[in-house]
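Working notes, beginning with the structure itself.
It should be emphasised that the depicted structure is a prediction, and the values quoted were computed from it without experimental measurement. Heavy atoms only: backbone and side chains are in, while hydrogens, waters and symmetry mates are out.
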Amino acid sequence: MRTGARHALLGGVLCAALGAAPPLLATAREAAPASPPEPALIPRPASLERGAGEFVVRTGTPVRVESAWPEAIGIARGFAERLAASRGLRVDLAPRGARAERAAIVFALNPSLPSALGDEGYSLAVDAHGIRVAARAPAGLFYGGVTLWQLLTQDFARTDAITLPALRIDDAPRFAWRGALLDSAR
């Protein structure tokens, strides 16, 4: 087996083991048109659908909380602090009960969402009007906020604005136990 083919096979096996898409093998003659790369998210969401358009998160973009639960407010505040620490982008936590006068990032805690999401599942939607993270329980809202933070920190350059493509993510844990094992001895 040639070295190039061996590397391609090894790369495909590693990608399959990690749940990633295998690299495309194409020559210059058969190269496919480039599509936008899938965002690097860990863990990989159960469902990610791209939409048309984009939303720009700028310094001062309001972050609203649609819940009276103190946990939801704390999760939104933690998201804003992580974003400011990692990218230098400061979003504003809107006062409770503030009216939606412009595009915003919304954290919504709604126990009546479909039970298929479970307590750790969430839905994240980005469109031209804003970003909405919704979950049945605080754990799901937290994980949705972490996924949004990952989308906004695909690189760590300091900036005043980040453009996100329109998309929808629906995710819930596939296993009851979260964890990873790295056995470096083998």
Side-chain angles (χ1 to χ4, degrees), residues 38-154 156 159-180:
E38 188 168 313
L41 298 172
I42 298 175
R44 188 175 196 179
S47 167
L48 187 150
E49 297 174 15
R50 291 198 181 266
E54 60 188 25
F55 180 71
V56 180
V57 178
R58 292 183 164 80
T59 295
T61 297
V63 176
R64 289 195 344 259
V65 178
E66 291 181 358
S67 174
W69 291 28
E71 294 94 339
I73 296 165
I75 290 166
R77 183 175 291 117
F79 163 78
E81 290 169 358
R82 278 192 306 279
L83 188 58
S86 58
R87 295 293 302 265
L89 186 65
R90 300 202 181 280
V91 292
D92 296 333
L93 194 60
R96 203 164 123 208
R99 293 184 49 206
E101 295 178 12
R102 60 184 174 134
I105 299 170
V106 177
F107 283 82
L109 193 53
N110 184 352
S112 66
L113 286 173
S115 61
L117 285 176
D119 286 348
E120 296 184 4
Y122 63 90
S123 173
L124 189 155
V126 179
D127 62 23
H129 306 291
I131 300 171
R132 183 175 183 83
V133 180
R136 292 174 45 89
L141 198 60
F142 172 77
Y143 292 129
V146 169
T147 299
L148 177 56
W149 175 80
Q150 286 186 62
L151 287 169
L152 292 167
T153 57
Q154 294 292 300
F156 283 99
T159 185
D160 289 335
I162 302 169
T163 301
L164 285 182
L167 56 81
R168 179 177 176 89
I169 295 175
D170 292 305
D171 193 24
R174 290 176 272 301
F175 304 102
W177 181 262
R178 291 179 182 263

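Not counting sequence neighbours, Trp69 has no partner by the side-chain hydrogen bond (donor to acceptor under 3.5 Å, both in side chains) test. Here Thr147 pairs with Leu41, Tyr122, Leu124, Ile169 under the side chain to side chain contact (heavy atoms under 4.5 Å, CB included) rule; sequence neighbours left out. Applying the side-chain hydrogen bond (donor to acceptor under 3.5 Å, both in side chains) rule to Asp170 yields the partners Ser123, Arg168; only residues at least two apart in sequence or on another chain are considered. Under the side-chain hydrogen bond (donor to acceptor under 3.5 Å, both in side chains) criterion, Asp160 pairs with no residue at all, not counting sequence neighbours. With sequence neighbours excluded, the residues satisfying side-chain hydrogen bond (donor to acceptor under 3.5 Å, both in side chains) with Ser86 are Trp149. Applying the side chain to side chain contact (heavy atoms under 4.5 Å, CB included) criterion to Ala166, with sequence neighbours excluded, gives no partner residue.
Minimum interatomic distance between Ala104 and Arg64 (heavy atoms only, all atoms of both residues): CB-NH1, 3.7 Å. Nearest heavy atom pair, residue Gly140 against residue Ala135, reads C-CB, 3.5 Å. The minimum heavy-atom distance linking Arg90 with Ala84 is given by the pair NH1-CB, 3.1 Å.
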For residues 51-63, please give each side-chain donor-acceptor pair under 3.5 Å, one per line with the distance, not counting sequence neighbours.
unit_1 : atom_1 : unit_2 : atom_2 : d
Thr61  : OG1    : Arg58  : N      : 2.8
Thr61  : OG1    : Arg58  : O      : 2.8

Quick one: side chains of residues 72-80, donor-acceptor pairs under 3.5 Å with protein atoms, not counting sequence neighbours, listed by atom name and distance.
none

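The main-chain N or O of Ala94 is never found under 3.5 Å from a side-chain atom of Asp92 such that the two would form a donor-acceptor pair.
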| task | Given side-chain contact (heavy atoms from CB on, under 4.5 Å), test Ile162 with Arg87 step by step and report yes or no. | result | CA-CA 9 Å; Ile162 302 169; Arg87 295 293 302 265; 3.6 Å; yes

| query | When you look at Leu148 and Leu164, which way does the side-chain contact (heavy atoms from CB on, under 4.5 Å) test go after all the steps? | reply | CA-CA 10 Å; Leu148 177 56; Leu164 285 182; 4.0 Å; yes

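Atom-to-atom distance recorded for Glu120:CD and Asp171:CG is 10.5 Å, nearest 0.5 angstrom.
Applying the salt bridge (Lys or Arg N to Asp or Glu O under 4.0 Å) test to every pair with at least one member in residues 132-143, sequence neighbours left out, gives these pairs: Glu66-Arg132. Judged as a salt bridge (Lys or Arg N to Asp or Glu O under 4.0 Å), not a single pair has a partner in residues 139-154 (not counting sequence neighbours).
For the pair Leu109/Pro138, a side-chain contact is recorded, criterion being any heavy-atom separation below 4.5 Å from C-beta on. Counting heavy atoms from C-beta on, the side chains of Gln150 and Pro39 never come closer than 4.5 Å. Residues Leu141 and Glu71 form no side-chain contact, since every pair of their non-hydrogen atoms from C-beta on lies 4.5 Å or further apart.
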